[in-house]
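Here the structure is a predicted model, which is why all the values come from computation and not from measurement.
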Number of protein chains: 2
Amino acid sequence: MATTIHDVARAAGVSPATVSRVFNGGRVTAERAERVRTAATELGFAPNRVARSLRTQRASVIGLLIPDIENPFFTAMARGVEDAAQQTNLSVVLCNTDEDVAKERRYLEIALAEQMAGVIVAAASRSRTDLSALESRKMPVVAVDRRPRGSTVDVVLVDNAHGAEEATWHLFERGYRRLACLTGPEGASTSEERLAGYRTAVRDFVRENPTETRAAEALREERIRYADFRVEGGHRAMRELLALPEPPDAVFAANNLMAVGALQALAEAGLAAPGFGVLSFGEIPWAPLVRPSLSTVRLPSYDLGFTAATLLQERISGGERPLQTVVLRTELHARESTAGPGA
Amino acid sequence: MATTIHDVARAAGVSPATVSRVFNGGRVTAERAERVRTAATELGFAPNRVARSLRTQRASVIGLLIPDIENPFFTAMARGVEDAAQQTNLSVVLCNTDEDVAKERRYLEIALAEQMAGVIVAAASRSRTDLSALESRKMPVVAVDRRPRGSTVDVVLVDNAHGAEEATWHLFERGYRRLACLTGPEGASTSEERLAGYRTAVRDFVRENPTETRAAEALREERIRYADFRVEGGHRAMRELLALPEPPDAVFAANNLMAVGALQALAEAGLAAPGFGVLSFGEIPWAPLVRPSLSTVRLPSYDLGFTAATLLQERISGGERPLQTVVLRTELHARESTAGPGA
DNA sequence: TCCAGGTCTGAAAACGATTTCTTGCTTTTC
DNA sequence: GAAAAGCAAGAAATCGTTTTCAGACCTGGA
């Protein structure tokens, strides 16, 4: 049934050790190596990875833990990881943690028990995600998109603050003056950084345009809503914003799903671009189809994954180098229409 | 470092065999079992899955091969698989084959070499996907969404023909008379079945309404376009349809991505509902936001995955029963507006 | 001629679990 | 009371590799 290294050895008239050496680049005379190789193909031999992992204490699989498999941001990232991994014949195991720390912990345990070669993790929680077990067992880890608190691993991040700043600025340039912000959960590094970028942009704009007195209201408490990075949360928060005595005329949404929720709320209220401005931090697939049209900040999701996987592979192959933090830039994608709110 | 079964045995003053029995439900006296258990938790012991797999020749991991990780249909399916798998402590490994038979073959080989407990596969190709290697090694397999030719495995399918029939009929009911069809690649079971359903509905309608002479044109060759199940293909095909001397007034798109492409082409041509009817076979996430609005056939993607995983688990635990084919029903989701093309 | 230094090879010991086999005890049964 | 049966527990074999170790063989220099 399953042909083993012994079967090949017997067929080729050599010892199992020699067969192993042929497959792992040991020193074997050309003539014998040839005999082994033909015997192997003849028998359809493929080395048993489980046995190999047990012996070498290392599998040729890396784990990728993401919080939401249905979010296109993470699936694009997964593609990047996969493409990078293929280069060194690593295979990728995708685990969906569902933003749930308990589920995440279970997957991390599996990663250890399966002796995976390494793990790339987009942490479910900044403070409660615990990578120490992996670190103490010397398993290579790269954190991506979100920086877990207090762990000493390589990190690949998006330049959230800068991207949010540019995006907010863009809303001002388009002529909107009564901005609001829809950010993610308090405590998540991504939502805090994006909110910080929003605030910076508003302050800068107010400083440079002292006559625009109302712009500063964008910093007021009631204009800044914390939601949960999901469609439903964005929807509810947007409704609250619209119910304000002085509702905003544009909104900066800190991720794509909340932007979708906001668009729904706007549609229900009969509002649309260009009268109302919407900026989504993160692409909405098929955004051109979406009504009302909106501008988006394109996130380097694929590259995020690709870079993380490359870093991880360096660690796996034993590269001793200082911890690295890579920050990738975003890209503003303005909607085609140039008309502002007044038009 | 890694605590093994031996460490636990020594700490509890028993043999490794006993420890193993405690964890696998062998017969052990209560008093000893207790000693083992406390020792295990004290040492933080977790059995090494690799070693276990090597010995038992079976891993507690199942592989899920899907053709496109960025298609929400498949990610929803993945969730279903995962939820079902959790019930028996199986973990799921997601592999993205990218509609590429070579990539798929590589993943199937990995599944064998890693000795996974089983595989669920949405085949990249109906005829060229080859599951025989798995079958001959007695690895449990369930095919999902697409039925691979000539293999004897359990299958979980969508009732494509029936769903397409209902959907097409719905277009007629809304008042459209010049229908067209955008189907998938020739040779794919899903696209053929959906096309067949479309044809059945048209024929039925013509038979029941002999005065509607033009309706039969929906069966003409130029009204039926084969594309590739992707956005770009749908876009191109729709443009061709619109360029016909007698363009259609409604289109049945055989999957969600092509429907998106079609909507793009329509938007470019200045067409929208209700003047032009669009029916998407498969949900478009955030469809309510999409312009023009459209009706969709909701596919049981989650249940597809859940059912497949349940079936697979029965096979894994050795249930000997005849091969099964489960067909799940679709659900028509009409767009809210009731106005037809003439309105 | 002999020995040092190299290359190649096979035997055997890991890796960490499960499982068969055996042993020694206790309980039943006639 | 002795034979049969049942049960718990340990010793040891096993899964399929990799890798250490030691031996065999060859080459070249003194």
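In this view, B:Ala122 and B:Pro67, B:Phe74, B:Met77, B:Val144 satisfy the side chain to side chain contact (heavy atoms under 4.5 Å, CB included) rule, not counting sequence neighbours. Applying the side chain to side chain contact (heavy atoms under 4.5 Å, CB included) test to A:Thr152 and every residue at least two apart in sequence or in another chain returns A:Glu135, A:Leu323. Partners of A:Arg32 by side chain to side chain contact (heavy atoms under 4.5 Å, CB included), not counting sequence neighbours, listed by chain and number: A:Val14, A:Val28, A:Thr29, A:Arg35. Legend: residues meeting salt bridge (Lys or Arg N to Asp or Glu O under 4.0 Å) with A:Asp154, ordered by chain and number and at least two apart, are A:Arg315, A:Arg321.
Sorted by first then second residue, the salt bridge (Lys or Arg N to Asp or Glu O under 4.0 Å) pairs that include residues 89-103 of chain A, not counting sequence neighbours, are A:Asp98-A:Lys103, A:Asp98-B:Arg79, A:Glu99-A:Arg146, A:Lys103-B:Glu82. Sorted by first and then second residue, the pairs that involve residues 36-62 of chain A and meet salt bridge (Lys or Arg N to Asp or Glu O under 4.0 Å), not counting sequence neighbours, are A:Arg49-B:Glu114. Residue pairs meeting the salt bridge (Lys or Arg N to Asp or Glu O under 4.0 Å) criterion with at least one partner in residues 2-11 of chain B, sequence neighbours excluded, are B:Asp7-B:Arg10.
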Inset, instruction - Encode nucleotides 19-28 of chain D as B, S and - characters from 5' to 3', where the letter depends on protein heavy atoms closer than 4.0 Å: B to the base, S only to sugar-phosphate, - to neither. - result: BB--------
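Residue contacts shown for B:Val19 are absent, as no nucleic acid heavy atom lies under 4.0 Å away.
The only member of A:Leu108, A:Ile316, A:Leu131, A:Val119 that meets side chain to side chain contact (heavy atoms under 4.5 Å, CB included) when paired with A:Met139 is A:Val119.
Neither OP1 nor OP2 of D:dC15 sits under 4.0 Å from any side-chain N or O of B:Gln115.
Residues B:Leu157 and B:Leu328 have side chains not in contact (no heavy-atom distance under 4.5 Å, counting atoms from C-beta outward). Taking 4.5 Å as the limit, some side-chain heavy atom of A:Tyr302 sits within range of a side-chain heavy atom of A:Asp83. For the pair A:Arg230 and A:Asn255, the minimum side-chain heavy-atom distance is 4.5 Å or more.
In this structure, B:Arg27 atom CZ and D:dG6 atom P are separated by 13 Å, rounded to whole Å. For the pair B:Ile5 CD1 and D:dA12 C1', the computed distance is 14 Å after rounding to whole Å. With rounding to whole Å, B:Gln57 atom CD is found 19 Å from D:dA13 atom P. Between B:Leu54 atom CG and D:dT18 atom P there is a gap of 12 Å when expressed in whole angstrom units. Atom-to-atom, CG of A:Asp7 to C1' of D:dC15 comes out at 13 Å; the value is rounded to the nearest Å.
A distance of 9.5 Å separates CZ in A:Phe73 from CZ in A:Phe229, rounded to the nearest 0.5 Å.
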Mind listing the side-chain donor-acceptor pairs of residues 90-97 of chain B below 3.5 Å, one per line with the distance, residues two or more places apart or on another chain?
| from | atom 1 | to | atom 2 | distance (Å) |
| --- | --- | --- | --- | --- |
| B:Ser91 | OG | B:Ser60 | O | 3.4 |
| B:Asn96 | OD1 | B:Ile69 | N | 3.2 |
| B:Thr97 | OG1 | B:Ile66 | O | 3.2 |

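Proximity of residues 35-52 of chain A to DNA chain C (heavy atom under 4.0 angstrom from any strand atom) is not detected for any residue.
For DNA chain C, the contact window with chain B, defined by any atom under 4.0 Å from a protein heavy atom, covers C:dG16 to C:dT20 in 5' to 3' order.
Overall, the helix from C:dT1-D:dA30 to C:dC30-D:dG1 carries an axis bend of 50° between its ends, with five pairs at each end and the value rounded to 10°.
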